[in-house]
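What follows is a set of notes on a single structure, which appears directly below.
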Amino acid sequence: MQDENGFYSPLQYQPQWFWLGLVMVLLVGLWYAAIFLWGRKKAPARQNAPAHQGPHLERLRSECLQAIDATAEDADAGRLPERDAHQKLSFLVREFAGTAKGLPLTSMTLEELRRHEYNGLAAGIAGIYPSEFAPQPTHTVQESAEAARQVVRAWN
């Protein structure tokens, strides 16, 4: 519509377009909220379970000691290379402690074990490390097996 000076006033949008745009923005916002809230995987409930005690720990200890003995026998018989035997002994001790504590101790470094105050385990693993990683083993498999047995027996 033209005014008395001959200018046309700006055209007005109908109010339903404003409300439609507002609803669309709200729907997009709800969509993102739904993705972020319901799409997340929930972390498993942390249980601060104490270390396994009693018969369970004794059964674990017995199984680990048997595995250590079997590893030492396989290495002595030549069925298992010396370096592999040292690595397996280290893994067996870590696996035993990790199962007893309910923690992933098989993937922790020596420094992490010490930081978490698993000093006995760290000391035992440190005794096996030189033979595990050196070009020539510094200890026999029997010596490493005895170090592993001591860690397992001392665990509580």
Side-chain angles (χ1 to χ4, degrees), residues 17-156:
W17 291 112
F18 169 75
W19 293 110
L20 180 64
L22 186 63
V23 167
M24 289 178 68
V25 168
L26 288 174
L27 286 175
V28 169
L30 288 173
W31 174 260
Y32 279 109
I35 288 172
F36 288 121
L37 295 176
W38 292 312
R40 284 189 341 198
K41 289 185 179 181
K42 297 191 185 220
R46 285 192 65 128
Q47 297 177 348
N48 291 332
H52 299 292
Q53 308 248 340
H56 181 70
L57 181 62
E58 290 307 316
R59 181 180 54 81
L60 282 174
R61 187 183 322 270
S62 173
E63 290 172 0
C64 186
L65 290 172
Q66 288 174 359
I68 290 170
D69 292 340
T71 301
E73 288 173 15
D74 286 347
D76 287 344
R79 293 186 295 265
L80 186 64
E82 225 176 303
R83 180 181 307 276
D84 292 348
H86 290 289
Q87 290 173 348
K88 187 172 180 182
L89 289 169
S90 175
F91 177 78
L92 287 170
V93 172
R94 287 171 176 268
E95 185 179 48
F96 164 76
T99 303
K101 283 290 186 185
L103 297 171
L105 300 180
T106 56
S107 59
M108 287 186 177
T109 64
L110 277 179
E111 189 59 38
E112 290 171 330
L113 291 173
R114 289 183 182 119
R115 196 172 338 129
H116 290 287
E117 298 181 6
Y118 295 116
N119 296 325
L121 175 62
I125 299 292
I128 299 172
Y129 260 19
S131 299
E132 194 174 350
F133 295 111
Q136 293 297 319
T138 57
H139 303 293
T140 66
V141 173
Q142 289 301 327
E143 291 171 331
S144 292
E146 188 54 38
R149 285 186 200 100
Q150 288 175 359
V151 171
V152 171
R153 287 185 192 124
W155 191 268
N156 42 345

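Computed from a predicted structure; not experimentally measured.
Applying the salt bridge (charged side-chain N to carboxylate O under 4.0 Å, His left out) rule to pairs touching residues 103-114 yields nothing, sequence neighbours excluded. Among residues at least two apart or in separate chains, side-chain hydrogen bond (donor to acceptor under 3.5 Å, both in side chains) pairs with a member in residues 75-85 are Asp74-Arg79, Asp76-Gln142.
Counting heavy atoms from C-beta on, the side chains of Val93 and Leu89 never come closer than 4.5 Å. With contacts defined as side-chain heavy-atom distances shorter than 4.5 Å, the pair Phe96/Val151 does not qualify.
The CG atom of Leu57 sits 4.5 Å away from the CZ atom of Arg61 when rounded to the nearest 0.5 Å. Considering CD of Gln87 and OG1 of Thr71, their distance stands at 12.0 Å, rounded to 0.5 Å. In this structure, the separation between CG on Leu30 and CG on Leu26 is 6.5 Å, given to the nearest 0.5 Å.
Evaluated for a side-chain contact (heavy atoms from CB on, under 4.5 Å) with Val152, the options Ile68, Leu60, Leu92 yield exactly one hit, Ile68.
Contact between Ala148 and Ile128 at its shortest, heavy atoms only, is CB-CD1, 4.3 Å.
Legend: residues meeting side-chain hydrogen bond (donor to acceptor under 3.5 Å, both in side chains) with Thr106, ordered by chain and number and at least two apart, are absent. Applying the side-chain hydrogen bond (donor to acceptor under 3.5 Å, both in side chains) criterion to Glu95, with sequence neighbours excluded, gives no partner residue. With sequence neighbours excluded, the residues satisfying side chain to side chain contact (heavy atoms under 4.5 Å, CB included) with Glu146 are Arg149, Gln150, Arg153.
A donor-acceptor pair shorter than 3.5 Å can be found between the side chains of Ser144 and His86.
Put simply, the side chain of Arg94 never gets that close to the backbone of Ser107: no donor and acceptor are under 3.5 Å apart.
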Would you give me the side-chain donor-acceptor pairs under 3.5 Å for residues 116-126, sequence neighbours excluded?
none

